[in-house]
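Okay, structure first, notes after.
Every heavy atom of this structure was used, including side-chain atoms; hydrogens, water molecules and symmetry mates were not. Sequence lines set the chain letters: A, B, ... in the order given, protein chains first and strands last, and positions in each chain run from 1.
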There are 2 protein chains.
Amino acid sequence: MVKRTPKRIDYEKELRRQGVRITRQRSVILAILSETEDHPDALEIFRRASAEDPSISLSTVYRTMKLLGDMGAIHRHAFEGGPSRFEHAGGDHHDHLIDIETGDVIEFKSDRIEQLQDEIAKSLGYDIVHHRLELYGRKRRAG
Amino acid sequence: MVKRTPKRIDYEKELRRQGVRITRQRSVILAILSETEDHPDALEIFRRASAEDPSISLSTVYRTMKLLGDMGAIHRHAFEGGPSRFEHAGGDHHDHLIDIETGDVIEFKSDRIEQLQDEIAKSLGYDIVHHRLELYGRKRRAG
DNA sequence: TTTGGTTTTGCAACTGACTGTCAACTGGCC
DNA sequence: GGCCAGTTGACAGTCAGTTGCAAAACCAAA
């Protein structure tokens, strides 16, 4: 497995090209998403956005996350027992290991697992459209 | 991968042994769970239970699912874009392939994938407590 | 078998995470 | 700068599930 390399993307240009109107609110949210390395939920994004622009509403955050999800600019993850968390879609595909004690999310990738998934789906007569692989674990105590 | 063998379990005795009071409602729900081969959600269980005992309430279904989940008698699956679905915990561990057109759930198992997951977690300094692997796919059109 | 004291239940009100409605506002092509 | 479809904030509504409470029901003990 391989840790993903951070990557700062210029969403605005690309989204504008796709006909998306870039409002002040969207601009603020996009900046937050492109800068963050973690996986914030809507409320956290709202909090960070409010610091930039106190007039922004939570509805707008939700609407924007939905829009960006549909445009493929971000990925939504519904980890167990919590609200959806988001990340920008810039990097290459990866899965997640969630620290059940801290909620931290670690990204990993395994071509071998992906390949096995394809084989399994094929043997059952299916084509995979997408998948979800999440490991929930606890940090090993040293010693 | 291997399809799981159906298995009818006597929950009542085991639960009673663990100090769980077996009420009329729980008995009905347990019978439904032990007989079904699919992955019903709370509302569907409620519907089936209502046929047995019209006085049963949806709250009781939810409460019972929570209790049985905590006792380890059933597994709860929160597949994408829908309510939790349940299955009895009798069989051996498996993952799920969800038909995105019909909602059908197919069970599969891959020791190789499990093994790779363990290796990945270990290499990241974690012990896996549990995991979630779901393939979302479309049936391949013959021809 | 009756009793008694927890537990559990049904109902209804509540919660969290969104989604929809609508009048007011505003990007961005002209 | 003007226009106007697209977007926003406020807030009501939805959906899945949880919770408070008085009444009912387990089931261990007598």
Integer-rounded Å distance: D:dA16 C1' and B:Phe46 CZ: 14 Å
Check: D:dG9 base within 3.5 Å donor-acceptor of A:Arg63 side chain: yes
Sugar-phosphate, base or nothing in reach of A:Ile56, heavy atoms under 4.0 Å: sugar-phosphate
Atom-pair distance (CZ on A:Arg21; C1' on C:dC25), nearest Å: 11 Å
Rounded distance in Å - CD (A:Glu12) to P (C:dG28): 9 Å
Interatomic distance, B:Ile45 CD1 vs D:dA16 P [rounded to whole Å]: 14 Å
Ring centers of A:His131, A:His93 separated by less than 6.0 Å: yes
B:Phe108 and B:Leu133: CA distance, side-chain angles, deciding distance, side-chain contact (heavy atoms from CB on, under 4.5 Å) verdict: CA-CA 10 Å; B:Phe108 68 87; B:Leu133 170 57; 4.2 Å; yes
Base C:dA17 paired with A:Ser84 side chain (donor-acceptor, <3.5 Å): no
Protein-nucleotide distance (A:Leu15, atom CG; C:dG28, atom C1'), rounded to Å: 16 Å
C:dT19 phosphate, OP1 or OP2, under 4.0 Å from A:Tyr62 side-chain N/O: no
Distance below 4.0 Å between B:Gln25 side-chain N/O and C:dG10 OP1 or OP2: yes
A:Arg26 side chain near D:dT8 phosphate (N/O to OP1/OP2, under 4.0 Å): yes
Spacing between A:Leu58 atom CG and C:dG16 atom C1', to the nearest angstrom: 11 Å
Sole candidate of B:Asp41, B:Asp53, B:Asp38 that passes salt bridge (Lys or Arg N to Asp or Glu O under 4.0 Å) when paired with B:Arg48: B:Asp38
Sugar-phosphate only, base, or nothing, as touched by A:Ile22 at under 4.0 Å among non-hydrogen atoms: sugar-phosphate
Between D:dT7 (P) and A:Leu67 (CG): distance, integer Å: 7 Å
Closest-nucleotide ordering on DNA chain C, the 5'-leading residue of B:Gly19 and B:Ser59: B:Gly19
Name of the residue among A:Glu44, A:Glu107, A:His77 meeting side chain to side chain donor-acceptor pair (under 3.5 Å) with A:His39: A:Glu107
Sugar-phosphate, base or nothing in reach of B:Thr23, heavy atoms under 4.0 Å: sugar-phosphate
Nucleotide D:dG9, atom C1' - distance to CD1 of A:Ile29 in whole Å: 13 Å
Side chain of A:Ser57 - closest among C:dT9, D:dG9, D:dA25: D:dG9
Under-4.0 Å salt bridge between A:Asp127 and B:Arg140: yes
Residues A:Lys122, A:Glu119: salt bridge by 4.0 Å N-O rule: no
Upstream residue (5' side of DNA chain D) when B:Lys66 and B:Arg24 are each assigned their closest nucleotide: B:Lys66
B:Arg16 vs D:dC27: side-chain N/O to OP1/OP2 distance below 4.0 Å: yes
Residue whose closest nucleotide on DNA chain D lies nearer the 5' end, B:Val20 versus B:Arg85: B:Arg85
